[in-house]
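Notes follow once the structure below has been shown.
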There are 2 protein chains.
Amino acid sequence: MDSSATVAVAEDKAVKGEKKKSARKPGRPKNNGKLKEKILNAAEIAFAEGGYTGISVRDIAERAGVNQGLIRYYFDTKEQLFDEVYKRRGGLLSGHRHVLLDRLLESGKPPQVKDIIRAYLQPQWDLKHSGEAGAAFAQLQSRLHSEPEEHALRLRKEVYDASVKRYIDVLAQALPQLPRRTIGLRMSFLVGTYMFMLNDLGRIEDLTEGKIHHLSKDEMLDNMVAFLAAGMEADRP
Amino acid sequence: MDSSATVAVAEDKAVKGEKKKSARKPGRPKNNGKLKEKILNAAEIAFAEGGYTGISVRDIAERAGVNQGLIRYYFDTKEQLFDEVYKRRGGLLSGHRHVLLDRLLESGKPPQVKDIIRAYLQPQWDLKHSGEAGAAFAQLQSRLHSEPEEHALRLRKEVYDASVKRYIDVLAQALPQLPRRTIGLRMSFLVGTYMFMLNDLGRIEDLTEGKIHHLSKDEMLDNMVAFLAAGMEADRP
DNA sequence: GTAATAATTCGTCATTCGTATAAATTCAAG
DNA sequence: CTTGAATTTATACGAATGACGAATTATTAC
């Protein structure tokens with residue numbers, strides 16, 4: 001959106017020439033283009049759409065408007081690019097969860113189950129509705145959680161385990177009648193539900209014959225919280 | 001396992017020659033080898049591990065012990081192979097769900113929510129624990145449900161929609177105080193939870209610090225049913 | 001100023017991919 | 001028997017892929 005003049009010149013030459021045209025010449029540019037971020041942003045959307053194996057480095061470079069070699073320059077390999085994409089926003093998300101939990105605990109009175117659950121869900125739900133990038137990350141997240149490969153597991157663990165375990169601790173205090181392992185198990189039920197909701201609105205439309213359509217972002221979250229809190233508090237089987 | 005004599009001869013030549021050796025000669029074999037099924041089985045496991053884009057036709061052919069061209073002969077394209085893999089077991093599964101629901105309804109008394117939910121979950125839960133192929137299909141299923149691509153959506157819809165809608169109808173009768181669209185929404189919460197559980201036992205171990213380890217297949221299902229039934233019956237938000 | 005370093009594009013290489021065609025062998029129908 | 005269809009391997013093709021080396025230009029340090 002910024003260097004429109006440069007682009008225009010490039011297009012002139014493209015018309016005179018033949019095929020593809022790159023927006024920059026080789027060599028270090030005068031105005032630092034913050035191209036690393038541009039690559040990360042493009043990769044986030046691309047990986048969300050096609051998954052790790054479904055997207056080529058060339059495709060990402062093209063979407064970012066950048067030469068393919070620059071990706072190697074900043075990230076070396078495709079895998080490291082993926083990891084950085086994931087950790088970038090995952091770290092923020094995990095941090096946000098910690099903050100909301102702190103805020104709940106500082107309020108004095110012991111938090112209710114539905115408040116704890118809401119605090120857990122809120123950050124990513126907001127992120128998902130914050131625009132294209134947030135929605136893409138939600139999608140990516142959902143993908144990674146159905147990936148059995150060792151590397152994907154490590155990545156998730158690294159980014160999320162600490163905050164999830166804190167939430168389990170707080171839930172355990174709010175539900176003293178339940179053994180901790182039951183709460184851990186139910187916490188992963190919860191994660192399953194909301195991972196699914198991060199990416200599956202098309203299918204929900206089908207199941208409800210379009211009747212869900214007008215549910216707003218907040219109403220949807222309210223519904224999720226009600227469902228999950230009831231499940232979390234259920235009598236043991 | 002059968003044509004061991006042929007294989008031995010082939011291996012002789014492999015030693016004399018250089019690299020790879022195929023177990024069969026060109027041309028129609030004497031004993032029909034049921035190779036189509038062997039391909040489907042190998043593809044099921046391969047796609048579960050690597051996803052559609054992560055697995056090559058060559059890889060599947062090798063796993064099946066079959067020439068690559070045979071896959072084209074039976075399935076034409078990679079995509080059609082994937083579809084057949086998915087529909088084969090998906091169709092059985094959907095059928096099984098219909099049967100269990102029929103049985104519930106025929107029993108005379110109105111079914112309880114937890115019975116309906118258990119009937120829905122049981123078939124795939126059994127399948128998942130029936131061996132390598134069942135587990136692979138569960139994994140595949142989980143993958144497909146995080147795939148945003150149009151084709152994946154159509155496939156799921158085609159295989160499952162009818163039975164899911166029947167379950168929603170029956171749940172609506174058991175829960176007259178809830179509007180149907182709430183039940184549809186909660187049904188997709190349910191699908192999310194159990195898709196996640198079909199593939200994520202590694203992560204659960206982490207969250208519960210190994211305390212889940214000794215939960216048997218049946219106990220795990222009981223826990224899921226208790227959680228989901230409570231959520232399904234929750235007061236509206 | 002000159003040298004080192006940072007950021008960028010370009011061209012290339014070996015490999016792998018999905019698909020396609022041809023050839024070989026066996027079975028079924030007449 | 002002969003012929004034609006069915007099942008199988010072998011080989012080839014062009015396109016795409018991830019990675020890499022080299023060239024080019026700007027900035028910073030001395």
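Here is how names work: the chains are called A, B, and so on, in the same order as the sequence lines, proteins then strands, and each is numbered from 1.
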Whole-Å distance, Glu62(B) CD to dA10(D) P, equals 13 Å

Send over the distance from Leu70(A) CG to dC10(C) P, rounded to a whole Å.
12 Å

Let me have a per-nucleotide readout for nucleotides 14-22 of chain C, 5' to 3', with B, S or -, counting only protein heavy atoms under 4.0 Å.
---BBBBB-

Not counting sequence neighbours, which residues clear ring-ring contact (aromatic ring centres under 6.0 Å, His included) with Tyr194(B)? List them please.
Tyr120(B)

Could you tell me which residues satisfy salt bridge (Lys or Arg N to Asp or Glu O under 4.0 Å) with Arg118(A), sequence neighbours excluded, listed by chain and number?
Asp222(A)

Take atom NZ of Lys38(B) and atom P of dT7(D), then tell me their distance rounded to the nearest Å.
16 Å

Non-hydrogen side-chain atoms of Met197(B) and Leu185(A) separated by less than 4.5 Å
yes

With Arg72(B) via side chain to side chain donor-acceptor pair (under 3.5 Å) - residues at least two apart:
Asp76(B)

Residues in ring-ring contact (aromatic ring centres under 6.0 Å, His included) with Phe82(B), at least two apart?
Phe47(B), Tyr52(B)

For dT8(C), take OP1 and OP2 only and decide whether either is under 4.0 Å from a side-chain N or O of Tyr73(A).
no

side-chain N/O Tyr74(A) vs dA6(C) OP1/OP2, d < 4.0 Å
no

Mind calculating the distance between CG (Leu35(B)) and C1' (dA6(D)) to the nearest angstrom?
13 Å

Could you tell me which residues satisfy side chain to side chain donor-acceptor pair (under 3.5 Å) with His151(B), sequence neighbours excluded, listed by chain and number?
Asp83(B), Arg154(B)

Between C1' on dC20(D) and CD1 on Ile71(A), what's the gap in Å once rounded to a whole number?
14 Å

